[in-house]
**Student:** 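I'd like to ask you about the structure that follows.
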Number of protein chains: 2
Amino acid sequence: MSVGHTEVTTGPTTGPVVSCGGEHEDCGIREVLDRIGDKWSVLVIVELAQGVRRFRQLQRAVPGISQRMLTLTVRRLERDGLISRTVYATVPPQVEYELTATGHSLTHLVKALADWSAEHREGIAASRRAWDAAHPGSGIR
Amino acid sequence: MSVGHTEVTTGPTTGPVVSCGGEHEDCGIREVLDRIGDKWSVLVIVELAQGVRRFRQLQRAVPGISQRMLTLTVRRLERDGLISRTVYATVPPQVEYELTATGHSLTHLVKALADWSAEHREGIAASRRAWDAAHPGSGIR
DNA sequence: CAGTATCCTTAATGATACTG
DNA sequence: CAGTATCATTAAGGATACTG
């Protein structure tokens with residue numbers, strides 16, 4: 001068998017140009033991911049996309065999130081201007097969280113992520129099964 | 001001053017419905033993010049969106065990535081079926097990485113991320129500066 | 001209710017040395 | 001060149017207790 005080149009020639013199925021100028025210096029991509037790539041942010045955003053929510057409501061709506069992580073998550077989202085926080089001086093205290101206009105614009109992106117995921121989820125799962133079967137005990141996972 | 005409700009009524013600037021059925025059980029969103037939310041995957045994908053690349057080429061194109069992380073990253077992307085890996089039995093060895101059709105479809109998403117980032121980057125930076133100024137030594141960041 | 005404050009575990013990443 | 005193997009370092013997240 002020949003060992004040189006094999007010319008796979010897999011058609012570059014129409015992909016958009018994602019480069020960032022003549023040379024890419026990271027686009028702003030990492031910035032978005034640093035913001036929503038964590039474990040809980042998008043889940044909180046998805047819940048707030050349904051409407052205004054209070055702290056405990058959010059915690060109940062996002063199964064598994066701890067009080068601590070919910071606090072950290074909403075604080076960071078507030079800091080970035082993606083959600084607003086309104087405190088009512090009642091007793092017991094009540095705090096409402098709501099998406100800002102910027103936060104709402106993010107939901108379009110989140111929707112795109114969800115759609116892509118739905119469309120490729122099974123194909124990816126299949127690829128993983130095949131790869132894992134072909135590379136037993138590789139440590140990769 | 002009244003302490004009850006204040007009716008902020010911030011217009012819910014047209015956001016898409018991101019819920020996942022009557023109740024949301026995480027959509028597939030977390031799955032995508034678990035895949036590309038790490039530090040290097042999207043950067044590798046962006047580079048491969050330009051064309052076929054060899055290992056060293058990729059490492060040079062993605063400043064800061066260690067040999068170890070590049071290996072882990074391309075292995076995981078290959079496992080998920082987002083990139084293909086072709087080994088040429090030459091000496092010295094040569095390995096080419098290329099986006100698969102699925103990987104190419106991801107570039108659309110990455111483009112959307114980059115666009116959103118470009119559009120909101122400055123607003124977010126401003127929000128952070130304001131928040132940080134208003135919450136000195138909060139620990140949040 | 002809506003948080004803070006601590007302590008602890010684990011996952012992710014990095015640095016370095018070595019190999020087919 | 002294209003990795004692998006180890007060790008060290010951080011950062012992210014979780015558990016629990018306490019408070020205005």
Side-chain angles (χ1 to χ4, degrees), chain A residues 3-5 26 30 33-44 47-48 52-79 83-98 135-141, chain B residues 3-5 26 30 33-44 47-48 52-79 83-98 135-141:
Chain A
V3 255
H5 35 199
D26 181 342
R30 281 255 33 97
L33 292 178
D34 285 341
R35 196 159 291 115
I36 66 167
D38 68 293
K39 195 170 181 180
W40 305 108
S41 291
V42 287
L43 301 180
V44 168
E47 180 59 23
L48 287 179
V52 179
R53 294 287 187 275
R54 285 178 294 117
F55 191 86
R56 292 289 296 179
Q57 276 186 298
L58 274 177
Q59 190 169 12
R60 276 188 290 268
V62 182
I65 194 171
S66 66
Q67 203 164 31
R68 172 182 139 78
M69 287 314 295
L70 180 55
T71 298
L72 285 176
T73 302
V74 293
R75 284 289 175 288
R76 289 197 271 243
L77 292 174
E78 188 200 0
R79 176 173 181 254
I83 69 177
S84 65
R85 176 173 177 271
T86 311
V87 182
Y88 296 99
T90 58
V91 41
Q94 186 170 328
V95 179
E96 288 185 351
Y97 293 94
E98 185 173 19
H135 304 74
S138 68
I140 301 293
R141 230 125 276 188
Chain B
V3 253
H5 34 200
D26 179 342
R30 282 255 35 98
L33 292 177
D34 285 341
R35 195 160 291 116
I36 66 167
D38 68 292
K39 194 170 181 179
W40 305 108
S41 291
V42 287
L43 301 179
V44 168
E47 179 59 24
L48 288 180
V52 178
R53 294 287 186 276
R54 284 178 296 114
F55 191 86
R56 292 290 297 179
Q57 276 187 299
L58 274 177
Q59 189 170 12
R60 275 187 291 266
V62 181
I65 194 170
S66 65
Q67 204 164 30
R68 171 182 140 74
M69 287 315 295
L70 180 55
T71 299
L72 285 177
T73 302
V74 292
R75 283 292 175 287
R76 290 197 271 244
L77 291 175
E78 188 201 1
R79 176 174 180 254
I83 70 177
S84 66
R85 176 173 177 271
T86 310
V87 182
Y88 296 98
T90 58
V91 42
Q94 185 170 329
V95 179
E96 287 185 351
Y97 293 94
E98 184 174 18
H135 305 74
S138 68
I140 300 293
R141 233 122 273 190

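So you know, we letter chains A, B, ... as the sequences are listed, proteins then strands, and number each from 1. Fair warning: this is a prediction, and the values are worked out from it, not measured in the lab.
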**Student:** Do A:T71 and A:R68 touch side chain to side chain, with heavy atoms closer than 4.5 Å?
**Tutor:** no

**Student:** If I take atom CG in residue B:L70 and atom P in nucleotide C:dT16, what distance separates them, rounded to the nearest angstrom?
**Tutor:** 18 Å

**Student:** Expressed in angstrom and rounded to an integer, what is the separation of A:I140 atom CD1 from C:dT13 atom C1'?
**Tutor:**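 The answer, rounded to whole Å, is 14 Å.
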
**Student:** For B:R30 and A:K39, work out which heavy atoms get closest and say how close.
**Tutor:**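 B:R30 and A:K39 have their closest heavy atoms at CD-O, 3.3 Å.
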
**Student:** Roughly, in whole Å, what's the span from CG in A:D34 to P in C:dT13?
**Tutor:** 11 Å

**Student:** Just wondering, do A:R85 and A:R75 contact through their side chains at under 4.5 Å, heavy atoms?
**Tutor:**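 Contact flag for A:R75/A:R85 side chains = yes.
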
**Student:** In dot-bracket notation, what is the pairing pattern of DNA chain D, taking Watson-Crick (N1-N3 plus N6-O4 or O6-N4) and G-U wobble (N1-O2 and O6-N3) contacts under 3.5 Å, with [ ] crossing and | for other strands?
**Tutor:** ||||||||||||||||||||

**Student:** Is B:I65 close to B:L43 at the side-chain level, that is, under 4.5 Å between some pair of heavy atoms?
**Tutor:**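 In short, these two side chains do not touch, never coming nearer than 4.5 Å.
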
**Student:** So what does B:S66 touch, heavy atoms closer than 4.0 Å: a base, only the sugar-phosphate, or nothing?
**Tutor:**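 Counting heavy atoms under 4.0 Å across all strands, no contact is made by B:S66.
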
**Student:** Going by heavy atoms in the side chains, are A:R79 and B:I140 under 4.5 Å from each other?
**Tutor:**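 They are in contact (side-chain heavy atoms under 4.5 Å apart), so the answer is yes.
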
**Student:** Would you kindly give the CH2-to-P distance between B:W40 and C:dT13, to the nearest whole Å?
**Tutor:** 9 Å

**Student:** With a 4.0 angstrom cut-off to heavy atoms of chain A, pull out the first and last contacting nucleotide of DNA chain D, in 5'-to-3' order.
**Tutor:**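 On DNA chain D, the outermost contacted nucleotides are D:dG13 to D:dG20.
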
**Student:** Rounded to whole Å, how long is the line connecting atom CZ of B:R68 with atom P of C:dA15?
**Tutor:**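 Interatomic distance, CZ of B:R68 to P of C:dA15: 11 Å.
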
**Student:** Could you tell me if the side chain of A:V74 sits less than 4.5 Å from the side chain of A:L58, heavy atoms only?
**Tutor:** yes

**Student:** Restricting to non-hydrogen atoms, name the atom on B:Q59 and the atom on B:S66 that form the minimum distance, rounded to 0.1 Å.
**Tutor:** NE2-C, 3.8 Å

**Student:** So which one's nearest nucleotide on DNA chain D is more toward 5', A:P93 or A:M69?
**Tutor:** A:M69

